[in-house]
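Just so we're clear, the structure is a prediction, and the values are computed from it rather than from any experiment.
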Amino acid sequence: MVSLIEDRRYISPRPRGRPRDPVAREAILNAAYELVLERGYREVTTSQIAKRAGSGKQTLYRWWPTKGLLMLDALEHWTERFRNRPRRDR
């Protein structure tokens with residue numbers, strides 16, 4: 001009898017390439033959100049987001065194929081942060 005661990009069919013394949021860096025992801029999402037607040041969606045470019053985040057454009061496009069998808073993730077990220085912050089007593 002073959003255990004599930006020994007039988008590779010039951011183990012999901014490891015993603016290709018280096019693992020995503022959570023610090024870089026956070027920096028990119030923060031940069032995207034801040035730039036849109038400052039300049040508006042139409043005026044923000046992926047180059048500006050990458051520069052502010054200290055990342056490369058290729059990283060943005062590897063993780064988010066479009067600026068729109070990146071902005072949706074940034075909005076979701078900030079919504080979660082806002083939702084999870086402690087409430088102040090009035």
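- Annotation for Ser55 and Leu60: closest pair OG-CD1, 4.3 Å, computed over non-hydrogen atoms.
- Taking both residues in full, the closest heavy atoms of Leu35 and Val44 are given as O-CG2, 3.5 Å, listed atom of the first, atom of the second, then distance.
- In this structure, Tyr33 is not a member of the same hydrophobic cluster as Leu70, with clusters built from ILVMFWY side-chain heavy atoms closer than 4.5 Å.
- Under a cutoff of 6.0 Å and an axis angle of 45°, Lys67 and Tyr41 form a cation-pi pair.
- Taking hydrophobic clusters as Ile, Leu, Val, Met, Phe, Trp and Tyr residues chained together by side-chain heavy-atom distances below 4.5 Å, Trp63 does not share a cluster with Trp78.
- Remark: Lys57 NZ to Lys51 NZ distance equals 13.0 Å, nearest 0.5 Å.
- Ala32 approaches Ala74 most closely through the heavy-atom pair CB-CB, 4.2 Å.
- Between Val36 and the choices Arg42, Glu43, Met71, the side-chain contact (heavy atoms from CB on, under 4.5 Å) rule is met once, by Met71.
- When side chains are defined from C-beta on, Gln48 counts as touching Thr45, because their heavy atoms get closer than 4.5 Å.
- Remark: Glu34 CD to Ile49 CD1 distance equals 11.0 Å, nearest 0.5 Å.
- When hydrophobic clusters are built by joining Ile, Leu, Val, Met, Phe, Trp and Tyr residues whose side-chain heavy atoms come closer than 4.5 Å, directly or via intermediates, Leu37 is grouped together with Leu75.
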Show, in sequence, the C-alpha distance, side-chain angles and deciding distance for Arg52 and Glu38, and conclude whether the salt bridge (charged side-chain N to carboxylate O under 4.0 Å, His left out) test is met. CA-CA 13 Å; Arg52 180 167 295 188; Glu38 291 170 16; 2.9 Å; yes
